[in-house]
Amino acid sequence: MMMGDPTPPIVRRMGPFGKLKVWQRGRDPALAIYRATARFPGTERYGLAVQMRSAAVSIPSNIAEGCGRRSDRELSRFLRIALGSATELECQVILACELSILDAGVAQELLGPVAEVQGMLAKLLRKLSTQAAHSP
């Protein structure tokens with residue numbers, strides 16, 4: 001590991017998606033959601049917790065899959081799916097908070113990284129769209 005490089009060695013060995021900041025940031029909500037839902041009551045282990053985990057994991061997974069497709073059109077399609085999953089996760093965090101399954105402070109901590117990833121995905125999608133409009 002290079003001095004001062006916070007990237008875990010496993011990430012540096014990954015394909016091109018591992019180098020994308022949006023993928024790196026997209027992992028944060030997934031990891032945080034797994035930790036938060038581990039504390040959910042037993043009655044929610046197979047309900048909202050599963051939905052939240054699925055949406056959270058879908059964010060970096062779809063970014064990676066889009067990168068693996070090797071075309072900007074396919075990448076854009078999977079980035080839109082990742083953005084949809086991030087929005088789904090945002091809704092689920094709000095619902096968990098409103099149902100008193102998730103502490104309001106924890107919900108706020110989860111929503112910050114989700115909003116950051118949503119913004120990054122939207123920006124990347126705009127960039128890809130602009131590039132596509134200017135290509136022959």
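Note: hydrogens, waters and symmetry copies are ignored here, and every other heavy atom, side chains too, is used.
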Practice task
State yes or no: do Val106 and Leu95 share one hydrophobic cluster built from I, L, V, M, F, W and Y residues joined by side-chain heavy-atom distances below 4.5 Å, directly or via other members?
Solution key: no
Practice task
Identify the heavy atoms of Gly26 and Pro29 that sit nearest to each other, and give their distance.
Solution key: O-CD, 3.3 Å
Identify all side-chain donor-acceptor contacts of residues 109-121 below 3.5 Å with residues at least two apart in sequence or on another chain.
| unit_1 | atom_1 | unit_2 | atom_2 | d |
| --- | --- | --- | --- | --- |
| Glu116 | OE2 | Arg25 | NE | 3.2 |
| Gln118 | NE2 | Thr87 | OG1 | 3.3 |
| Gln118 | NE2 | Glu90 | OE1 | 3.1 |

Exercise for the section: List the atom of Gln92, the atom of Ala55, and the distance in Å for their closest heavy-atom pair. Expected result: OE1-CB, 3.6 Å
Exercise for the section: Carefully, step by step, assess Leu75 and Arg69 under the rule side-chain contact (heavy atoms from CB on, under 4.5 Å). Expected result: CA-CA 7 Å; Leu75 175 58; Arg69 296 300 177 114; over 6 Å; no
Problem - Sub-4.5 Å side-chain heavy-atom contact between Val57 and Tyr34 - result: yes
Exercise for the section: Could you identify which residues cluster with Val50, counting Ile, Leu, Val, Met, Phe, Trp and Tyr as linked when any side-chain heavy atoms lie under 4.5 Å apart, either directly or through a chain of such contacts? Expected result: none
Problem - CD-CG distance between Gln108 and Asp103, expressed to the nearest 0.5 angstrom - result: 10.5 Å
Fill in the blank from the handout: Exactly one of Ile63, Leu83, Leu79 clears side chain to side chain contact (heavy atoms under 4.5 Å, CB included) with Leu124, and that residue is Leu79
Fill in the blank from the handout: When rounded to the nearest 0.5 Å, the distance separating OG of Ser85 from CG of Asn62 is 5.5 Å
Exercise for the section: State whether Arg70 and Glu74 are salt-bridged, where the test is any N-O pair (Lys NZ or Arg NE/NH1/NH2 against Asp/Glu carboxylate O) under 4.0 Å. Expected result: no
Handout entry: Spacing of CD belonging to Gln131 relative to OG belonging to Ser76, to within rounding of 0.5 Å
Key = 9.0 Å
Problem - Inter-residue atom distance Arg53.CZ - Leu48.CG, 0.5 Å rounding - result: 11.5 Å
Problem - Straight-line distance of Leu102 CG to Cys97 SG, nearest 0.5 Å - result: 6.0 Å
Problem - Ile33 side chain reached by Val93 side chain, heavy atoms, under 4.5 Å - result: yes
Handout entry: Remaining members of hydrophobic cluster (4.5 Å side-chain criterion), Ile81
Key = Phe78
Handout entry: In one Ile/Leu/Val/Met/Phe/Trp/Tyr side-chain cluster, 4.5 Å: Leu89, Leu99
Key = yes
Practice task
May I ask you to test the Phe40-Met52 pair for a side-chain heavy-atom distance under 4.5 Å?
Solution key: yes
Exercise for the section: Grab the two heavy atoms, one from Trp23 and one from Phe17, that are nearest each other, plus how far apart they are. Expected result: CB-O, 3.3 Å
Problem - OH-CD distance between Tyr46 and Gln51, expressed to the nearest 0.5 angstrom - result: 14.5 Å
